[in-house]
Amino acid sequence: MSLLTPWRHEIRALIPRGFLRRDQGDGLFVSDFPRHCPEMEIENSLKQAGYAVEIRDGLAFIDGNLEKYRAMTAGISFGNVQPEDKNLYLFSLAWDVAKRDVPLERQPMDLLRLTLKCLDQGDEDALIRLLPPRLALLQRQGLPLPSDAGRMILFHLWKGDRNAD
């Protein structure tokens, strides 16, 4: 099961009409519910449930707020991950980042979102391609690394997130 599955189910329950998809841009989810239900009740319900909502051009871009992310990352455990040959590089990258133990509020949220979306679609190759240069840039700039992204990847490798939800 993907780490985003509970959020997807919770959001879907709050949106009576319209689509809900993984955002291809900077956010986590996108929905066209404002086109079907223009009243503010849905937006307010999402915000009360811990989601940040931005409405533009008839679309709602939905992400978790900091506390929602904190609740998600607090529940991540990855047991005794045994890397396979095919994911050894991703495992070692994730392990190195996860052991940094940076407080959530100091982590780059864009990399947490990127990690969640790649894991949700089962695209480990995208993570192998996209994360290392961004992590290297953060290190060169002396900025904190997204340790929770490493923990998310380890959870994915341990739980077999690639299975259908």
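Fair warning: this is a prediction, and the values are worked out from it, not measured in the lab.
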Novice: Check K68 against A49 and note the closest heavy-atom contact, atom names and distance.
Specialist: NZ-O, 3.0 Å

Novice: Find the distance between CG (D26) and CZ (R113) and round it off to the nearest 0.5 Å.
Specialist: 7.0 Å

Novice: In residues 54-62, what donor-acceptor pairs under 3.5 Å come from side-chain atoms, sequence neighbours left out?
Specialist:
residue, atom, partner, partner atom, Å
E54, OE1, R56, NH1, 3.4
E54, OE2, R56, NH1, 2.7

Novice: Side chains of K86 and E124: closer than 4.5 Å at any heavy-atom pair?
Specialist: no

Novice: Where the side chain of D32 meets the backbone of F19, is there a donor-acceptor pair that is under 3.5 Å apart?
Specialist: yes

Novice: Return the orientation label for the F155 and W158 ring planes: parallel under 30°, perpendicular over 60°, tilted otherwise.
Specialist: perpendicular

Novice: For P132 and Y89, which heavy atoms make the closest approach, and how far apart are they?
Specialist: CG-OH, 3.3 Å

Novice: Looking at K117 and Q24, would you say the former's side chain and the latter's main chain have a donor-acceptor pair under 3.5 Å?
Specialist: no

Novice: Is there a side-chain contact between L66 and L104 in this structure, where contact means two heavy atoms from C-beta onward sitting under 4.5 Å apart?
Specialist: yes

Novice: Can you hop from V30 to W7 via hydrophobic side chains spaced under 4.5 Å?
Specialist: no

Novice: Does F91 reach the side chain of L154, with side-chain heavy atoms less than 4.5 Å apart?
Specialist: yes

Novice: Walk me through it: do L111 and L135 pass the test side chain to side chain contact (heavy atoms under 4.5 Å, CB included)?
Specialist: CA-CA 9 Å; L111 290 183; L135 295 173; 4.3 Å; yes

Novice: What's the shortest heavy-atom distance between M40 and E43, and which atoms?
Specialist: CE-OE1, 3.1 Å

Novice: Can you give me the closest heavy-atom contact between L4 and L116, atom names plus distance?
Specialist: CD1-O, 4.0 Å

Novice: Would you call L3 and H156 a side-chain contact if the rule is heavy atoms closer than 4.5 Å?
Specialist: no

Novice: Side chain to side chain contact (heavy atoms under 4.5 Å, CB included), that's the test. Do L46 and F29 meet it? Break it down for me.
Specialist: CA-CA 12 Å; L46 287 165; F29 297 104; over 6 Å; no

Novice: Would you call D110 and L114 a side-chain contact if the rule is heavy atoms closer than 4.5 Å?
Specialist: no

Novice: Heavy atoms only: give me the nearest R17-R12 pair and the separation to one decimal.
Specialist: C-NH2, 4.0 Å

Novice: Taking all non-hydrogen atoms of both residues, which atom of P108 and which atom of L145 are closest, and how far apart?
Specialist: CD-C, 4.2 Å

Novice: Is there a path of hydrophobic side-chain contacts, each under 4.5 Å between heavy atoms of I/L/V/M/F/W/Y residues, joining V102 to M109?
Specialist: no

Novice: Determine whether D120 and L28 make a side-chain contact, defined as any pair of heavy atoms from C-beta on separated by less than 4.5 Å.
Specialist: no

Novice: Passes side chain to side chain contact (heavy atoms under 4.5 Å, CB included), L157 versus E84? Steps please.
Specialist: CA-CA 9 Å; L157 295 174; E84 300 173 15; over 6 Å; no

Novice: Does the side chain of I153 reach to within under 4.5 Å of the side chain of L93, using non-hydrogen atoms?
Specialist: no

Novice: Assess whether side chain to side chain contact (heavy atoms under 4.5 Å, CB included) is satisfied between Y69 and E105, documenting all intermediate values.
Specialist: CA-CA 10 Å; Y69 274 96; E105 54 277 358; over 6 Å; no

Novice: For L112, does its backbone N or O pair with a side-chain atom of Q107 as donor and acceptor, under 3.5 Å?
Specialist: no

Novice: Using the side chain to side chain contact (heavy atoms under 4.5 Å, CB included) rule, pick out the option among S31, P34, C37 that qualifies with I42.
Specialist: C37

Novice: Is there a donor-acceptor pair under 3.5 Å between the side chain of R151 and the backbone N or O of S147?
Specialist: no

Novice: Answer yes or no: does atom CG of N65 have more than 12 heavy-atom neighbours from other residues, nucleotides or ligands under 6.0 Å?
Specialist: yes

